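Note that the structure is predicted; figures quoted are calculated from it, not measured. Atoms within each ligand, like the ligands themselves, are counted from 1 in listed order.
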Amino acid sequence: MYRGVKILHDPVRNKGTAYTDAEREFLSLRGLLPPRVHSPAEQELRVLNNVRQKATDLERYLYLISLQDRNETLFYRVIMNHLEEMMPIIYTPTVGKACQEFQHIFRQPRGFYVSLQDKGEVKKILQNWPHKECKIIVVTDGERILGLGDLGADGMGIPIGKLSLYTACSGIHPTHCMPVMLDVGTNNESLLNDPLYNGLERRRVRGEQYDELVDEFVAAANELFPGVLIQLEDFGNMNAFRLLEKYRNQVCMFDDDIQGTGGVAMAGIIAALRITGAKLENQKFLFLGAGEAGIGIADVFVAALAEKGIPTDEARGHCWFVDSRGLVVHGRENLADHKKPYAHDHEYLDNFLDAVKALKPTAILGLSGQPQMFTKDVVEAMSEINQRPIIFALSNPTSKAECTAEQAYTWSDGRAIFASGSPFDPVKYNHQMFVPGQGNNAYIFPGVGLGAIVSRSRVVTDEMFLVAAHSLANQVTEHDLERGRVYPSLSRIREVSAKIAYDVARIVFDRGYSLTDEPDDLMTEIRDYMYQPVYPHYA
Ligand code: NAD
């Protein structure tokens, strides 16, 4: 083991002022640190004071990322002990702002870049990764970063942030995580014209060359890190569905924008049905937005109805979509492939309110990225059709939500079961306090990932997301439901993720997907794996 200043510059081993006197002697650190030894709690306090004093969230983000580069243990201690406060900084919405500014705020590289220039040598360069074990890769090509469009190589902030959430929410060890940017160019003119842009100075490559690079990367990653879990993140529609279809049965891979969203929204629906007492097979969903998120939710719902013996075609008939051009129906021209399974026989309608009135859904789900599309008329129509209308305004960030929590409760006279993508404060209406649930994917992907990793699964299936959805919904307490809240408190996320991981791993072993033998005590195995942000002792 190395000593002296080198260990202070290693974020995995650095303890900063928390090295004890004995450790300072043993590691040749005397004189290199101020004399007073601080406890981790004191260090945490200093970080919190700093974060809270910053003027903007972007400055908070920069401070926290610098801390991650200096002292990973302290970074995770702060994030985990203050998850509700820190999550919007290290992930959406602030990470979006950080990606937009990436070329200007760049300080220290993090993650791994595979570009078109590396074609034919991907395996060779992957060997430069500093950690021996890699259990999970989050990869993007930067084409559709959050709702912000093509940010090219500057989208790297997303895999970095997502993997920080894996560690914080379900204890995947930081050194087992690899954020990857596949740089295939960008069509973002302002980036191409910016001399500080970090990515390739070229427009996006499509077709064969693109596919060959992705193939090479997936193969090389599996050769060097057998069975590694690969999560696709923020790919454009034209590649996301296609890549998932291509690889999902070959390697351990999923797409969080599609399947993770499916799992978290499904959990909210299952919990909502615990309030209404209605059955899943009697639900009719009307989606606003037929992109990765909407289709992903519908696919998980279809999997849920399949469990009840309902054939796929019939199950798809429970899901209707309105996109930017109106109701998705049979015969509509130029429908994208991913929408076709959900194009049903019906007269074409060009607006959402008419679709609500004609189809009489039990739930409306907003995944359009367009604010205020659930108008007063829409919510009132839903409340006429249903005693307890389910209204999920899932578009992010808060400014894009299809309606606010207050609007949903007020316009439905307190009857709506509401959830959103971004957090809303509790709402007081008619002397009653409503607590809106936040359908954050962070409730699902960390637990599914942990379950797949501990069980060494060969694949990630839709069934695993459905199981995760049931597991999450079952962990919503009666107290939560009484206040209209369909997701548990984020403060319980580690315990919730461990249970989801257990339920997912059970499926892996029961279905024979595992590359290893089942441990004697699965829950202990999961808990033992989970990383804790505690300093090692060196002396
Ligand atoms: P996407 O680009 O794949 O899909 C967007 C869809 O919205 C497209 O089908 C588009 O046709 C449709 N659309 C655009 N304008 C419309 C309009 N005026 N009326 C009707 N439809 C319209 O994006 P995505 O990944 O599916 O994400 C969509 C939204 O969902 C984003 O705001 C994202 O933040 C949110 N989201 C939320 C969660 C969550 O809450 N857990 C998870 C994933 C995505």
Report the C-alpha separation of E495 and K499 in whole Å, then their side-chain angles, then the decisive distance to 0.1 Å, and conclude whether the salt bridge (charged side-chain N to carboxylate O under 4.0 Å, His left out) test is met.
-> CA-CA 6 Å; E495 157 203 345; K499 177 72 174 80; over 6 Å; no
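F352 and F374 have parallel rings, their planes meeting at less than 30° on a 0 to 90° scale where 60° marks the start of perpendicular.
Near ligand 1, residues R144, N237, T261, V264, L288, G289, A290, G291, E292, A293, V322, D323, S324, L367, S368, G369, Q370, M373, L394, S395, N396, G421, G439, N441 each place a heavy atom inside the 4.0 Å sphere around the ligand atoms.
Legend: residues meeting salt bridge (Lys or Arg N to Asp or Glu O under 4.0 Å) with K135, ordered by chain and number and at least two apart, are E133. The ring-ring contact (aromatic ring centres under 6.0 Å, His included) test applied to F235 returns no partner, not counting sequence neighbours.
For F445 and F254, the gap between ring centers reaches or exceeds 6.0 Å.
Here ring-ring contact (aromatic ring centres under 6.0 Å, His included) pairs that include residues 466-489, with residues two or more places apart or in two chains, are Y443-Y487.
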